[in-house]
Every structure is written in C-alpha cells, then in structure tokens.
Amino acid sequence: MSKPEDLLENNKSWAADVESANPGYFNSLAQQQTPEYLWIGCSDSRIAANQIVGMEPGSIFVHRNIANVVVHTDLNCLSVIQYAVEVLKVKHIVVVGHYGCGGVLAALGEANNGLIDNWLEHIRDVYRKHQTAVDSAVTEKERANRLCELNVIAQVGNVAETTIVRNAWRAGQDLTLHGWIYGLEDGIVRDLKVTRDQSSLT
C-alpha cells in the first residue's frame, strides 16, 4: 500500500519528467485557464476525466460527486456550473456516468447505507419514473446499466433547467449539453444522444 509520502515523491518525479519533456509547461499552464468543457462526473477513482478523452490539463473544468447527480439544492454543483458558464464561458457541459456505478447499484438495493441514502434518493426518483424500462432488463447487470444511462439523461435535463444555463441561452451564449456514459470494462465513452442547446428553451 502506498503511503502519503510515496505520493509526494511520485509527484516530484512526475513534475520533473513533464518539465524535462516540455520545458516551461507548468509556467504556461499557470498563466491561463480556458477550458471549453465542464465535465460533471462520478467520484469513482477509476475515471480520470482528462485522461480517458485524451485531453491535456487546463482543457476540462471538472465537478464530481457520487453518481454524477445534479440537484437544484446542491450549491456546490451549482456554483461550479455558474463559474464554468459565466466566467470561463465553456461551450459544452458534459454529464458523464459510467456502467457499474456503485451509487446506482446502491440505489437499486435494499440495504441501509446511512447518510448517503439521502443522496441516492435522487437516483431512486429516476428509477421510480422509469421502473418499467429498468425492470424489463434481462439480467441484474443490464438493469443497473440501464439505470446508469437513465440517470445521466435525467441529470442532463436537470442541468438544462438550471437558471444558470437558461439565462445563458436567453443571452445567446454558445452552450451545448451532452450526456455520455463510460464503460469501465472497455474504456469507451458512449454518447447517449441527449444533446441540448438553446433550442431547448420553451
């Protein structure tokens, strides 16, 4: 098992290697933050936003929580969205879930998980709304995967309904929402085809 000190030493080696390969890299990175993407993803340790889509640091602004949920009372998430949209002027907000999500699996289960059950209730709301579609899956894995997808779709809808995004669209800001899902077993990100843009305003 790695100790915290090991991580610090690893960091020194990594920073030295990066600077050696690309002199001035960190100085350049420190001067600007101009990402075009806000990534709202799961806290799962197996998913590194920049790495899995082949992007460099500085190109993606990231917010993560259990099961990539967007709740209208979550000031943390809303603050990230507001900063990304109003200050960084991102052009894309991508909600990215993943198959095998522990939060989704827990939401489907009957166990008492303590405090997190309050958070998982948002996913259970998605399940209740789409129970027939979820329960029609043949296996438990397919059932969970279907809810993972439906959860992403629901969260894209929640992002679209924030005052932040709606105000940006009303102002004519170039901003598009996407829903993607990542496969831990094959490393592939799939587009769930739930893109939303200014035309979504009613």
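Keep in mind it's a predicted model, so treat the numbers as computed, not measured.
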Side chains of Ile47 and Leu184, heavy atoms from C-beta outward: is any pair under 4.5 Å? yes
How many angstroms lie between CG in Leu150 and NZ in Lys129, if you round to the nearest 0.5 Å? 10.0 Å
Side chain Asn151, main chain Ala67, donor-acceptor under 3.5 Å: yes
Is there a donor-acceptor pair closer than 3.5 Å between any side-chain N or O of Arg166 and the backbone N or O of Leu201? no
For Ser28 and Tyr25, indicate whether the former's side chain and the latter's backbone hold a donor-acceptor pair under 3.5 Å. no
Which heavy atom of Gly103 sits nearest to which heavy atom of Ile66, and what is that distance? CA-CG2, 4.2 Å
Heavy-atom side-chain contact between Asn68 and Val96 under 4.5 Å: no
Would a single hydrophobic cluster contain both Trp119 and Leu108, if residues Ile, Leu, Val, Met, Phe, Trp and Tyr are joined by side-chain heavy-atom contacts under 4.5 Å? yes
For a quick test of reading the model, state the closest non-hydrogen atom pair linking Ala84 to Leu38 and the distance between them. CB-CD2, 3.8 Å
Value for OG1 (Thr195) from CH2 (Trp180), rounded to nearest 0.5 Å, stands at 9.0 Å
Identify the heavy atoms of Val152 and Gly179 that sit nearest to each other, and give their distance. CG1-CA, 3.7 Å
Any donor-acceptor N/O pair, Gln31 side chain to Asn27 backbone, under 3.5 Å: yes
Rounded to the nearest 0.5 Å, how far apart are CZ of Arg128 and CZ of Arg124? 7.5 Å
Hey, quick one: are Val165 and Leu78 part of the same hydrophobic cluster, counting side-chain heavy atoms closer than 4.5 Å, chains of contacts allowed? yes
Pairwise side-chain contact, Val80 with Ile40, heavy-atom cut-off 4.5 Å (strictly under): no
Is any side-chain heavy atom of Asp135 closer than 4.5 Å to a side-chain heavy atom of Arg143? yes
Starting from Leu192, can I reach Ile93 by hopping between I/L/V/M/F/W/Y residues whose side chains sit under 4.5 Å apart? yes
Are Trp169 and Gln173 side-chain neighbours, meaning at least one heavy-atom pair lies under 4.5 Å? no
Under the 3.5 angstrom rule, does the side chain of Asn65 hit a backbone N or O of His63 as a donor-acceptor pair? no
Inter-residue atom distance Asn112.CG - Glu110.CD, 0.5 Å rounding: 11.0 Å
Nearest heavy-atom approach of Leu175 to Val90 is CD1-O, 3.6 Å
Enter the distance from Glu36:CD to Lys89:NZ here, rounded to the nearest 0.5 Å. 14.0 Å
Do Met55 and Tyr182 belong to the same hydrophobic cluster, where Ile, Leu, Val, Met, Phe, Trp and Tyr are linked whenever their side-chain heavy atoms lie under 4.5 Å apart, directly or via other members? yes
Phe61, Trp39, Tyr37 screened by ring pair (Phe, Tyr, Trp, His ring centres under 6.0 Å) with His92, the one that passes: Tyr37
So do the side chains of Asp117 and Leu120 get within less than 4.5 Å of each other, counting heavy atoms only? yes
Arg196 and Val156 have their tightest heavy-atom pair at CG-CG1, 3.9 Å
I'd like to know if Ile52 and Ile181 are part of one continuous hydrophobic network [Ile/Leu/Val/Met/Phe/Trp/Tyr, side-chain heavy atoms within less than 4.5 Å]. no
So how far is it from Cys148 SG to Ile153 CD1, rounded to the nearest 0.5 Å? 11.5 Å
I need the single residue from Arg190, Lys141, Arg146, Glu149 that forms a side-chain hydrogen bond (donor to acceptor under 3.5 Å, both in side chains) with Tyr99. Which is it? Glu149
Test your reading of the model: is there a side-chain donor-acceptor pair from Glu19 to the backbone of Gly24, 3.5 Å cut-off? yes
Is it true that, when you exclude Glu185 itself, more than 12 heavy atoms of the residues, nucleotides or ligands shown sit nearer than 6.0 Å to its CD? no
Is a side-chain donor or acceptor of Ser79 paired with a backbone partner of Leu75 at a separation under 3.5 angstrom? yes
Min side-chain heavy-atom separation Cys77-Val71 under 4.5 Å: no
State whether the side chain of Gln155 and the backbone N or O of Val69 hold a donor-acceptor pair below 3.5 Å, judged by distance alone. no
Do side-chain atoms of Asn50 reach the backbone of Glu56 as a donor and acceptor pair under 3.5 angstrom? yes
Any His72 side-chain heavy atom under 4.5 Å of Thr162 side chain: yes
Residue pair Asn118 / Glu121, side-chain donor-acceptor N/O under 3.5 Å: no
